[in-house]
Amino acid sequence: MNEVAPVDQPLYGRIKSAIEKRIRAAEWPADFQVPREEELAEEFGASRLTVRRALRELQTEGMLVRIQGRGTFVIGPKMQCAVFELPDVSEEIEDGGGVHTSEVISLLALRPGDPLSNLLPLPNDGVVFHSRILHKEDGTPIQLEDRFINSEEAPAYLDQDFTRITPHTYLLRETEVTFVDNTIRAIRPDEESRALLQIDANQPCLLLDRRTWRGDVPVTRSRFLYPGDRYRLRSSHEATTATARPLSAGPATMNLPPRRIR
């Protein structure tokens, strides 16, 4: 069991890491039939339930597939696109020759039971900070930013002057994350958002919903709303071959050292 991950991980996580390492090293190639739960339990000195949890998570992440009546198999490498990095809106505007300004709509700690706190569920009923900031380019609203922050990860967040420094810059300096989940979709914003962005009811917007974790600990949830006719998101990159990792998989899908990231 010498290839299992560090002992600070729970046992199922160590088993999962060991299996993932075998898949990535092609020791278990595509279409390889994974040993039975009983065999893995004996190898790793674990219960079948612990092994089953590790296998289930790898199935959720698209690395394994279970075929009823036949067993569990390795899916193998798939083409995967790199997740783009979203730059700081102030840098984007200034790089384009514009002038960035921001307006703080709200900056507070959510009260216990506030429905908004459900957007960033925290263990042990932790306190969630919320900021709503309107970003402008040459006086024209271009992004409405809602952020929900785990107060324990950025305890001085409410003390910042976000007309002088952006939340992006502050969180980049103060927090560490190991996993990022991005979702982009088109929506029709609510009345308050339309008024802040100065758009009419027929104007669609792009919503980028970004969640971050440090290990299993939620760090932030950020929702960036862009008027569809004033902004576009673009990503250019080389396609790479890697084991598939669905963006919706959750915080435990990357066992990497912390790095500072938005």
Criterion salt bridge (Lys or Arg N to Asp or Glu O under 4.0 Å) on E20 and R24, from CA distance to verdict:
CA-CA 6 Å; E20 184 175 1; R24 291 191 177 282; 3.3 Å; yes
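- Between the CZ atom in R132 and the CG atom in L225 there is a gap of 8.0 Å [rounded to 0.5 Å].
- We find the CG-CD distance between L208 and E145 to be 11.0 Å, quoted to the nearest 0.5 Å.
- When E153, E152, E176 are each tested for a salt bridge (Lys or Arg N to Asp or Glu O under 4.0 Å) with R214, only one passes: E153.
- Of the inter-residue distances, the one linking L55 atom CG with M63 atom CE reads 12.0 Å to the nearest 0.5 angstrom.
- No single ILVMFWY cluster, assembled from side-chain heavy atoms under 4.5 Å apart, contains both L119 and I149.
- D88 and T169 share a side-chain donor-acceptor pair at under 3.5 Å.
- Sorted by first then second residue, the salt bridge (Lys or Arg N to Asp or Glu O under 4.0 Å) pairs that include residues 97-118, not counting sequence neighbours, are E103-K136.
- Not counting sequence neighbours, the partners of E37 by the side chain to side chain donor-acceptor pair (under 3.5 Å) test are R48, R52.
- A search for salt bridge (Lys or Arg N to Asp or Glu O under 4.0 Å) contacts involving E94 returns nothing, not counting sequence neighbours.
- Under the 4.5 Å side-chain heavy-atom criterion for ILVMFWY residues, no single connected hydrophobic cluster contains both L144 and L206.
- Side-chain polar atoms of S102 and T163 form no donor-acceptor pair below 3.5 angstrom.
- Judged purely by distance below 3.5 Å, without hydrogens or angles, the side chains of S131 and Y157 pair a donor atom with an acceptor atom.
- Side-chain contact check for E137 and H100: no donor-acceptor pair (N or O, by modelled atom type) lies under 3.5 Å.
- Note that CG of L120 is 7.5 Å distant from OG1 of T220, once rounded to the nearest 0.5 Å.
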